[in-house]
Engineer: 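The following block contains the structure, expressed as structure tokens.
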Protein chains: 2
Amino acid sequence: MPPKAAPVVIDLKFNPDEVKAALADAFPGRDVVNRADPAQAGRDLAQARYAVVWKSQPDLFARAPNLAAVFSGGAGVDHVLTLPGLPDVPLVRFVDPTLTTRMSEWVALQCLLHLRQHGRYAEQAQRGAWAELPQPEARDLTVGVMGLGVLGQDAARKLQTLGFTVTGWSRRKKTLNGIETYDESGLDAFLARTDILVGLLPLTAETRGLYDATLFAKLSRKGPFGAPVFINAGRGGSQVEADIIAALRSGGLHGASLDVFSTEPLEADSPLWTLPNCIVTPHAAAASDVKALFRQVEAQIERHEAGLPFEHLVDRTAGY
Amino acid sequence: MPPKAAPVVIDLKFNPDEVKAALADAFPGRDVVNRADPAQAGRDLAQARYAVVWKSQPDLFARAPNLAAVFSGGAGVDHVLTLPGLPDVPLVRFVDPTLTTRMSEWVALQCLLHLRQHGRYAEQAQRGAWAELPQPEARDLTVGVMGLGVLGQDAARKLQTLGFTVTGWSRRKKTLNGIETYDESGLDAFLARTDILVGLLPLTAETRGLYDATLFAKLSRKGPFGAPVFINAGRGGSQVEADIIAALRSGGLHGASLDVFSTEPLEADSPLWTLPNCIVTPHAAAASDVKALFRQVEAQIERHEAGLPFEHLVDRTAGY
């Protein structure tokens with residue numbers, strides 16, 4: 001057993017003030033090193049047993065060689081898996097009702113924005129034009145959710161409650177009550193009936209560059225808008241932005257909502273910012289609540305020190 | 001018993017092409033007079049037993065004196081109650097899952113737009129500005145739904161599923177599972193905790209001009225945006241538009257979403273169209289599906305002719 005108050009190192013590229021404020025009440029009785037605090041930059045990390053990381057400084061694992069576990073500061077772990085010198089210790093993802101709820105808020109908002117033609121109504125409002133548009137119902141559109149982890153399942157259920165026809169896809173078959181699901185072998189069938197594609201996949205070797213012109217061409221064109229909508233809140237590395245831009249311009253896509261980008265921040269001169277019916281948010285769909293993150297890490301450490309296994313362990317081979 | 005195929009008169013200020021198309025399959029074996037069809041303008045209405053109406057021509061009841069029932073083409077009936085010569089026969093409202101679902105889509109969209117600060121993100125996007133805003137969660141905002149009929153109850157439940165804290169108000173106390181409700185005597189207490197007010201009230205003597213500066217001043221200012229949001233998809237006659245404009249300008253209201261107006265169409269030069277954080281839609285939140293309307297009227301006529309009472313009868317004293 002490690003000592004009861006084994007030190008924790010915090011290496012989070014989050015808002016530094018929020019991290020500092022959250023640390024005031026976190027990890028009682030335990031030594032904490034916050035690498036984002038310049039005053040603590042030189043501190044020795046040799047005794048640290050736990051690390052909480054998000055886009056960490058590259059020397060973390062060289063300076064902290066005695067870690068017993070690494071906690072991701074978010075739902076995704078691609079940023080951890082690529083860190084130099086990642087030790088062979090349990091890697092734990094952040095699963096939090098707050099994060100899940102926020103993600104579903106964003107996904108539901110984007111689906112409703114496209115369904116209810118908010119962009120066209122906003123444009124009409126600028127001209128003071130009172131004109132009702134032909135309006136399909138939610139059930140007339142099939143939303144296909146790619147990625148059926150905690151986030152995808154919650155979004156799928158909420159979209160279903162709102163009235164959308166919802167299907168789901170995951171690499172390995174998952175069963176959801178009342179929602180038709182597809183696995184790897186059913187990808188083309190899944191895409192062929194999808195009017196709104198919601199991407200909530202992790203970034204892995206298989207998903208890098210997945211959302212490209214070839215995939216968009218497989219989506220349904222039979223829906224009420226005549227062309228599909230692409231929504232991505234997973235990882236920017238999974239999308240080919242040049243193909244999204246071209247498809248929005250050619251009508252191959254009816255619209256898009258993007259919260260993630262291959263390079264973040266998105267360049268100020270990217271056409272994505274201002275293309276009609278393309279909605280851009282700055283990786284803000286589901287920001288981690290730092291206080292909730294620390295509470296969860298505390299609880300996980302308690303489990304571990306009581307001899308219980310960690311929850312939400314990452315499968316390094318699968319990459320998520 | 002009336003004759004099996006008693007004639008129906010249709011007097012709907014809807015899209016004439018949609019009405020005509022829907023009538024092609026409606027009321028089989030029954031004589032139908034469509035007053036929106038110029039070719040039928042002169043037809044005798046003396047034998048008509050049923051009328052389906054929405055903002056009808058003023059001479060309807062003078063020309064059709066033998067009606068056994070009047071069906072509203074929408075959920076609201078204020079437009080029927082004010083028609084000259086309304087006979088003392090059963091008045092039936094249109095209650096339809098389609099209409100309910102569409103209304104809840106619109107209400108959920110508007111609540112999410114304000115919660116997720118869509119207007120500010122859209123403005124940032126125009127400048128290519130990547131900047132995350134402090135973001136409350138749905139549960140941090142209390143949505144107060146005024147009007148707990150079929151529409152209000154459905155909207156309340158869906159908002160709750162999305163994570164909002166939801167309360168409800170109706171003139172007469174209603175009980176909803178898991179949702180705190182208030183009645184007439186609890187109006188001020190209800191308003192005092194409401195961060196987003198959703199108006200789904202019918203237009204009656206009591207609700208005319210209800211949403212005014214005095215009411216807005218009673219709403220909560222303790223929410224994450226420091227001022228309340230007003231959303232109305234009930235009737236425009238219930239709101240004082242000058243007070244909404246003044247409150248949006250002074251910060252008394254953080255935002256608004258309006259689908260209904262005291263005069264429709266809203267004048268092209270109304271400041272409401274372009275005020276920041278004010279969203280205007282052209283009475284399009286929940287358009288009646290004409291085919292569904294005719295199917296429901298057919299079913300109600302069948303009930304009536306089989307000796308059963310009508311469903312969804314209007315209480316004329318209450319005004320809804």
Side-chain angles (χ1 to χ4, degrees), chain A residues 15 18 97-102 104-106 108-113 115-119 121-122 124-139 157-158 160-164 261 264-270 272-275 278-287 289, chain B residues 15 18 97-102 104-106 108-113 115-119 121-122 124-139 157-158 160-164 261 264-270 272-275 278-287 289:
Chain A
N15 180 313
E18 280 180 30
T98 291
L99 198 145
T100 307
T101 303
R102 285 173 188 265
S104 291
E105 290 169 6
W106 188 90
L109 170 58
Q110 302 306 322
C111 289
L112 288 168
L113 279 169
L115 168 68
R116 299 301 300 240
Q117 307 174 78
H118 178 76
Y121 278 118
Q124 291 185 173
Q126 289 308 310
R127 293 183 281 115
W130 180 277
E132 195 171 345
L133 304 170
Q135 183 56 59
E137 264 184 273
R139 68 170 171 189
R157 294 204 184 291
K158 287 176 179 170
Q160 196 176 41
T161 298
L162 288 170
F164 288 99
F261 302 89
E264 295 179 2
L266 178 65
E267 315 84 71
D269 62 353
S270 167
L272 291 169
W273 287 111
T274 51
L275 269 169
C278 181
I279 294 156
V280 166
T281 52
H283 205 142
D289 178 322
Chain B
N15 179 313
E18 280 180 30
T98 290
L99 198 143
T100 307
T101 304
R102 285 172 188 267
S104 291
E105 290 169 7
W106 188 90
L109 171 58
Q110 301 307 322
C111 289
L112 288 169
L113 278 170
L115 168 67
R116 299 301 301 240
Q117 309 175 79
H118 177 76
Y121 277 119
Q124 290 186 172
Q126 288 309 310
R127 294 183 281 115
W130 179 277
E132 195 171 345
L133 304 170
Q135 183 55 59
E137 264 183 274
R139 68 170 170 188
R157 292 202 187 292
K158 288 175 179 170
Q160 198 177 41
T161 298
L162 288 169
F164 287 100
F261 302 90
E264 296 179 1
L266 178 65
E267 315 85 71
D269 62 353
S270 167
L272 291 169
W273 287 111
T274 51
L275 269 169
C278 181
I279 294 157
V280 166
T281 53
H283 206 142
D289 177 322

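Chain letters run A, B, ... following the sequence lines, proteins first, then strands; residues in each count from 1.
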Engineer: Starting at OG1 of A:Thr98, measure out to CD of B:Glu137 and round the result to the nearest 0.5 Å.
Structural biologist: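 It is 4.0 Å, given to the nearest 0.5 Å.
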Engineer: Sort A:Ala122 into side chain, backbone, both or neither according to what part of it lies under 4.5 angstrom from a heavy atom of chain B.
Structural biologist: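 Neither part, no heavy atoms under 4.5 Å.
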Engineer: Pick whichever of A:Arg139, A:Glu267, A:Arg102 has the most heavy-atom pairs under 4.5 Å with chain B.
Structural biologist: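 Of the options given, most contacts go to A:Arg102.
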Engineer: Look at A:Pro282, A:Pro265, A:Ala108, A:Ala287 and state which one has the largest set of heavy-atom pairs under 4.5 Å with chain B.
Structural biologist: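 Most heavy-atom pairs within the cutoff with chain B belong to A:Pro282.
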Engineer: Looking only at heavy atoms and a cut-off of under 4.5 Å, which of A:Thr101, A:Leu113, A:Asp289 has the most pairs with chain B?
Structural biologist: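 Result: the option with the highest number of such pairs is A:Leu113.
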Engineer: In chain order, what residues pass the side chain to side chain donor-acceptor pair (under 3.5 Å) check against B:Gln117, with sequence neighbours excluded?
Structural biologist: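 Partners of B:Gln117 by the side chain to side chain donor-acceptor pair (under 3.5 Å) criterion, ordered by chain and then number, come out as B:Gln135.
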Engineer: Between B:Leu115 and chain A, which part of the residue has a heavy atom less than 4.5 Å away: side chain, backbone, both or neither?
Structural biologist: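 B:Leu115 touches chain A through side-chain heavy atoms alone.
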Engineer: If you count heavy-atom pairs under 4.5 Å between each of A:Ser270, A:Ala129, A:Gly163 and chain B, which one has the most?
Structural biologist: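 If we count pairs closer than 4.5 Å to chain B, A:Ala129 comes out on top.
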Engineer: Can you tell which part of B:Ile279 gets under 4.5 Å to a heavy atom of chain A, answering side chain, backbone, both or neither?
Structural biologist: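 For B:Ile279, side-chain heavy atoms alone lie under 4.5 Å from chain A.
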Engineer: Does any heavy atom of chain A fall under 4.5 Å from the side chain of B:Pro136, the backbone, both, or neither of them?
Structural biologist: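 The backbone, not the side chain.
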Engineer: Just give me the residue among B:Leu133, B:Thr274, B:Val280 that pairs up with chain A most often, heavy atom to heavy atom, under 4.5 Å.
Structural biologist: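 If we count pairs closer than 4.5 Å to chain A, B:Thr274 comes out on top.
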Engineer: For the SG atom of A:Cys111 and the CG atom of B:Leu109, what is their distance to the nearest 0.5 Å?
Structural biologist: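 Atom-to-atom, A:Cys111:SG and B:Leu109:CG are 11.0 Å apart.
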Engineer: Could you state the interatomic distance from NE2 (B:His118) to CD (A:Gln110), rounded to the nearest 0.5 Å?
Structural biologist: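 One gets 7.5 Å once the value is rounded to the nearest 0.5 Å.
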Engineer: Identify the two heavy atoms, one from B:Trp130 and one from A:Thr281, that lie closest to each other, and give their separation to 0.1 Å.
Structural biologist: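 Closest heavy-atom pair between B:Trp130 and A:Thr281: CZ3-O, 4.4 Å.
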Engineer: Select one option (side chain, backbone, both, neither) describing which atoms of B:Arg157 are under 4.5 Å from chain A's heavy atoms.
Structural biologist: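 No part of B:Arg157 comes within 4.5 Å of chain A.
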Engineer: Looking only at non-hydrogen atoms, find the nearest pair between B:Ala138 and A:Glu105 and report the distance.
Structural biologist: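 Heavy atoms of B:Ala138 and A:Glu105 come nearest at N-OE2, 2.9 Å.
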Engineer: Go through the structure and list residues passing side chain to side chain contact (heavy atoms under 4.5 Å, CB included) with B:Ala125, not counting sequence neighbours.
Structural biologist: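 With neighbours one apart ignored, the set is A:Trp273.
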Engineer: In terms of heavy-atom proximity below 4.5 Å to chain A, should B:His283 be classed as side chain, backbone, both, or neither?
Structural biologist: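 Both parts, backbone and side chain.
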Engineer: Looking only at heavy atoms, which two atoms of B:Ala284 and A:Arg116 are closest? And how far apart?
Structural biologist: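 Closest approach of B:Ala284 to A:Arg116, heavy atoms only: O-NH2, 2.9 Å.
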